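Down below is the structure, laid out as structure tokens.
All values reported here derive from a predicted model rather than from experimental measurement. Below, chains carry the letters A, B, ... as their sequence lines are ordered, and counting in each starts from 1.
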2 protein chains.
Amino acid sequence: MTEATADDTAKPARKRQARGEKRMGELLDAAAEVFATHGYAKASTNAIAAAAGASPGTLYQFFRGKQEIAEALMARYVERLEAAHGAAFAVDGADLPLRDLLDRVLDPIIAFDRANPGFHILLADPGITPELAQAKRPAQELIFQHLDRIFAARAPHLPAAERRLAAGVAIHMFRGLLPLIMAASDDDLPAVAREAKQALHAYLAVALEQHRST
Amino acid sequence: MTEATADDTAKPARKRQARGEKRMGELLDAAAEVFATHGYAKASTNAIAAAAGASPGTLYQFFRGKQEIAEALMARYVERLEAAHGAAFAVDGADLPLRDLLDRVLDPIIAFDRANPGFHILLADPGITPELAQAKRPAQELIFQHLDRIFAARAPHLPAAERRLAAGVAIHMFRGLLPLIMAASDDDLPAVAREAKQALHAYLAVALEQHRST
DNA sequence: TAAAAATACGAGCGGTCGCTCGTAATATCA
DNA sequence: TGATATTACGAGCGACCGCTCGTATTTTTA
């Protein structure tokens, strides 16, 4: 083993040209659009290829199938979210007022979600099919870990089990509120965002202060 | 017009026999199962018919198409929810402590959702396709009206706009938390349900007390 | 009991799906 | 400049989709 232990999928180390990378980007752009407008199940690979100005054959030279497209798209979303708004996930600021912490974490995420509707739609799609659930898991796990770490820094007195419960509840609350946030007009957004933060603040103020000494 | 103003769909007043009603029930049972395991988009009408022990032709003698199956199923869910747990939506108890009100409203709904997984799955399905969204709207609207009425009785001082916002936020919060509630084992359910109520209580305690005089 | 209506069947139609493959054009390598 | 690998195409395959229709059976009506 020269570089890494061989993986089962046995990628033959295909050399990607510059225009190949570009094509993949175009195909993912098209996939984001088609997934967003038709949902995962009804999105057709031929439609994705056509939306990217490519043929089906070209699409399948870069992706093994529909699931892999969704996985690559999710990976790109996560990558861009972290690149653009990584500060939202920083663990510092453990002494910030809770409202300020929520602003710092949620504002970038709200902005990203509204700028990338496909991200929310793909995440919100109930992964009845195992394939889609598999494609979403890494993103979900990563967001959960980020939040858990922030809570751990902020509320070190909280048992890990309850901390994870709070993180799960907070994430699901936010996911539940996202449709309201996505549907809001630019004018309504501030009020809706404020109310969402209000809800999260109200819950976390209680949940994170449990088991505190003194 | 003898009984009602004629509707555009012009139903020829087909006379339904007892076994016809029974068949429709069996078909809806099968539809609930297939929708729950495959999602709306990937659920095939042939599979629904087969699961009900019927032929495709029989299915289409009772339903005009896939969308109408979903609509009828949602209608039956709502009907059963109200029949079995109508007390949850009663407007009285405006002076109950908030936690007791939440218990009275949420416990029956949680029990119903867990007993009827298809209900949640169909409601949670992001209605990217207009047809499914159409099928879900009546149920969503009805639940919203119920909650709005409860809030109006409980917090008459609250402006209608803010009351509706609070109802929308509460509904979306609960919908977001439902996956946790559905996935919980019987052992974990009490803790998860308590935490969900905690979150709703924390938010509503603030939201419903806004604008209160003195 | 005969006519009419409701229920039941299932082969199969037209269409779309995910995906393949033979072939050609283009870029990199030797 | 050849040789080789990568990118590109698009007709079309087999499977499945929602749904139809001719026909047979059972129940209600008259």
5'-most contact on DNA chain D: Ser44(B) or Arg19(B), nearest heavy atom basis?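 The residue closer to the strand's 5' end, by nearest nucleotide, is Ser44(B).
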With respect to the phosphate group of [N], does any side-chain polar atom (N or O) of [X] fall under 4.0 Å of OP1 or OP2?
{"X": "Arg64(B)", "N": "dT20(D)", "result": "no"}
{"X": "Tyr60(B)", "N": "dT20(D)", "result": "no"}
{"X": "Arg23(A)", "N": "dT26(C)", "result": "no"}
{"X": "Thr45(A)", "N": "dG18(C)", "result": "yes"}
{"X": "Lys15(B)", "N": "dT29(D)", "result": "yes"}

How close or far is atom C1' of dA5(D) from atom CD of Gln61(A), stated in whole angstroms?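 In whole Å, dA5(D) C1' and Gln61(A) CD are 11 Å from each other.
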Leu59(A) has an atom CG; how far is it from atom P of dG10(D), in whole Å?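 In whole Å, dG10(D) P lies 14 Å from Leu59(A) CG.
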Roughly what angle, to 10°, lies between the helix axis at the start of the helix from dT1(C)-dA30(D) to dA30(C)-dT1(D) and the one at its end, five pairs per end?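 Overall, the helix from dT1(C)-dA30(D) to dA30(C)-dT1(D) bends by 10° from one end axis to the other.
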Determine whether a donor-acceptor pair (one donor, one acceptor, N or O, separation below 3.5 Å) exists between the side chain of Asn46(B) and the base of dC19(D).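 Indeed there is one.
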Please tell me which of Lys42(A) and Gln17(A) maps to the more 5' nucleotide of DNA chain C, matching each residue to the nucleotide holding its nearest heavy atom.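 That would be Lys42(A).
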Which of residues 47-57 of chain A have a heavy atom under 4.0 Å from DNA chain D?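 Per residue number, the list reads Gly53(A), Ala54(A), Ser55(A), Pro56(A), Gly57(A).
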Would you mind classifying the nucleic acid contact of Ala43(A) as base, sugar-phosphate or nothing, using non-hydrogen atoms under 4.0 angstrom?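 Answer is sugar-phosphate: Ala43(A) comes under 4.0 Å of backbone atoms only.
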Does atom CD of Gln67(B) have more than 12 heavy-atom neighbours, drawn from other residues, nucleotides or ligands, at distances under 6.0 Å?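 More than 12 within 6.0 Å, yes.
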His38(B) atom NE2: more than 12 heavy-atom contacts under 6.0 Å: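 Open: at most 12 neighbouring heavy atoms sit under 6.0 Å from NE2 of His38(B).
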So, applying side chain to side chain contact (heavy atoms under 4.5 Å, CB included) with Asp107(B), which one of Val105(B), Ile109(B), Asp103(B) is it?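 Answer after filtering Val105(B), Ile109(B), Asp103(B): Asp103(B).
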Flag side-chain contact, heavy atom, 4.5 Å: Glu26(A) against Glu21(A):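 No - every pair of side-chain heavy atoms lies 4.5 Å or more apart.
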Let's go through Tyr203(B) and Tyr203(A) carefully: what are the C-alpha distance in whole Å and the side-chain angles of both, what is the deciding distance for ring pair (Phe, Tyr, Trp, His ring centres under 6.0 Å) to 0.1 Å, and is it a yes or a no? CA-CA 7 Å; Tyr203(B) 168 68; Tyr203(A) 168 68; over 10 Å; no
Assess the side chains of Gln140(B) and Arg137(B): does a donor N or O sit below 3.5 Å from an acceptor N or O?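 Note: Gln140(B) and Arg137(B) side chains miss the donor-acceptor criterion.
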Nearest 0.5 Å, what's the CZ-CG distance between Arg194(B) and Leu102(B)?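 The CG atom of Leu102(B) is 14.5 Å from CZ of Arg194(B), to the nearest 0.5 Å.
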Can you classify the ring geometry of Phe89(A) versus His146(A) as parallel (below 30°), tilted (30 to 60°) or perpendicular (above 60°)?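 Parallel.
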